[in-house]
Amino acid sequence: MVDYRAMLPYRTDAAAAVSAVLTAAGLEDRMRIFDTPVPTATEAARTLECETAAIVNSLVFAADGSPLLILASGAHRVDTDRLAQELGFHNISRASKKFVIEVAGQQVGGVSPVGHPQPLRTILDRDLEQQEWLWAGGGDHYTMFRASYLELLAITAATPMPVA
């Protein structure tokens with residue numbers, strides 16, 4: 001395994017892996033490292049002085065047992081019943097912390113849209129398109145990155161759809 005911390009100034013390998021993905025996509029210099037944790041959309045919006053709607057919550061769910069990453073606006077609550085019906089799943093439920101770490105390689109509250117050990121099926125909240133800039137988790141509680149909706153769509157290969 002690559003020790004990203006030896007190469008970059010991040011607190012965790014997970015944050016460094018996110019930075020590597022962003023750099024490879026031409027989105028370098030987008031990461032911000034904070035002195036205090038920003039594990040919720042409310043804390044992130046307050047710290048970044050932006051609307052909660054501009055915060056991307058990267059939420060891992062279990063969809064009939066398979067991982068599903070939903071990138072939702074911090075202003076929304078995900079409607080898992082509607083999404084299950086639209087996506088053809090019997091059940092979509094919030095994943096356990098253990099499952100999140102296993103499939104995303106990142107801690108709950110710091111999950112990023114990118115930088116996972118394996119590709120995750122991803123849904124991107126269409127309402128995020130209304131924001132000029134989005135702020136997403138950077139792989140740990142202290143790191144976030146900035147991207148436009150189209151940039152986030154491109155680097156995640158997500159399916160855009162309403163999630164609320």
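Numbers for residues simply follow the sequence, beginning at 1.
Counting heavy atoms from C-beta on, the side chains of Tyr149 and Leu124 come closer than 4.5 Å. Residues His76 and Asp125 form a side-chain contact, since some pair of their non-hydrogen atoms from C-beta on lies under 4.5 Å apart. In this structure, the side chains of Ser93 and Phe61 stay at 4.5 Å or more apart for every pair of heavy atoms. Using a 4.5 Å cut-off on side-chain heavy atoms (C-beta onward), Val78 and Leu83 make contact. In this structure, the side chains of Thr47 and Phe34 come closer than 4.5 Å at one or more pairs of heavy atoms. A 4.5 Å side-chain heavy-atom check between Val103 and Gln118 finds at least one atom pair inside the cut-off. Looking at heavy atoms from C-beta onward, Ile55 lies out of side-chain contact with Leu134 at the 4.5 angstrom threshold. Side-chain contact check for Leu152 versus Val56: some heavy-atom pair is nearer than 4.5 Å.
Across all their heavy atoms, Gly139 and Ser112 have their closest contact at N-CB, 3.7 Å. Considering every non-hydrogen atom in both Ala17 and Gly115, the closest pair reads CB-O, 4.2 Å. Minimum interatomic distance between Arg121 and Pro67 (heavy atoms only, all atoms of both residues): CB-O, 4.3 Å. Of all heavy-atom pairs spanning Thr52 and Ala41, the tightest one is CG2-CB, 3.9 Å. Taking every heavy atom of both residues into account, Phe99 and Ser66 meet most closely at CZ-C, 4.2 Å. A pairwise comparison of heavy atoms in Gly105 and Pro117 identifies N-CD, 3.8 Å as the closest pair.
At least one donor-acceptor pair closer than 3.5 Å links the side chain of His141 to the backbone N or O of Val108. Side-chain N or O atoms of Asn57 include none that pairs as donor or acceptor with a backbone N or O of Leu59 at under 3.5 Å. Although no hydrogens or angles enter the test, the distance criterion places no donor-acceptor pair under 3.5 Å between the side chain of Asn91 and the main chain of Asp64.
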> Does the pair Arg82 and Glu86 meet the rule for a salt bridge (Lys or Arg N to Asp or Glu O under 4.0 Å), with working shown?
Replying inline: CA-CA 6 Å; Arg82 187 177 58 74; Glu86 288 184 24; 2.6 Å; yes
>> Please determine whether side-chain contact (heavy atoms from CB on, under 4.5 Å) holds for the pair Val111 and Leu69, giving the CA-CA distance in whole Å, both sets of side-chain angles, and the decisive distance to 0.1 Å.
In response: CA-CA 10 Å; Val111 174; Leu69 178 63; 4.3 Å; yes
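In this structure, CD1 in Ile92 is found 6.5 Å from OG1 in Thr80, a value given to the nearest 0.5 Å. Within the model, atoms CG of Leu87 and OG1 of Thr159 stand 8.0 Å from one another, a figure rounded to the nearest 0.5 Å. Distance CD/Gln130 to CD/Glu51: 10.0 Å, rounded to 0.5 Å. Here the OG-NE2 distance, from Ser58 to His116, works out to 6.5 Å after rounding to the nearest 0.5 Å. To the nearest 0.5 Å, atom CH2 of residue Trp133 and atom SG of residue Cys50 are 13.0 Å apart. Here CZ of Arg11 is found 7.5 Å from OG1 of Thr143. Values are rounded to the nearest 0.5 Å.
Transitive grouping of hydrophobic side chains (ILVMFWY, heavy atoms separated by less than 4.5 Å) keeps Phe145 and Ile70 in distinct clusters. Under the 4.5 Å side-chain heavy-atom criterion for ILVMFWY residues, no single connected hydrophobic cluster contains both Met161 and Leu120. Cluster annotation: Val21 and Leu71 are assigned to the same hydrophobic cluster (Ile/Leu/Val/Met/Phe/Trp/Tyr, side-chain heavy-atom contacts under 4.5 Å, transitive). Under a hydrophobic-cluster definition in which Ile, Leu, Val, Met, Phe, Trp and Tyr are linked whenever side-chain heavy atoms come within less than 4.5 Å, directly or via other members, Val100 and Tyr142 are assigned to different clusters. Under the 4.5 Å side-chain heavy-atom criterion for ILVMFWY residues, a single connected hydrophobic cluster contains both Val38 and Leu48.
Within the structure, salt bridge (Lys or Arg N to Asp or Glu O under 4.0 Å) contacts touching residues 149-161 (residues at least two apart or in different chains) are Arg30-Glu151.
A salt bridge links Glu43 with Arg46: the distance from a Lys NZ or Arg NE/NH1/NH2 to an Asp or Glu carboxylate oxygen falls below 4.0 Å.
Residue Glu28 qualifies as enclosed at atom CD: its count of foreign heavy atoms under 6.0 Å is above 12.
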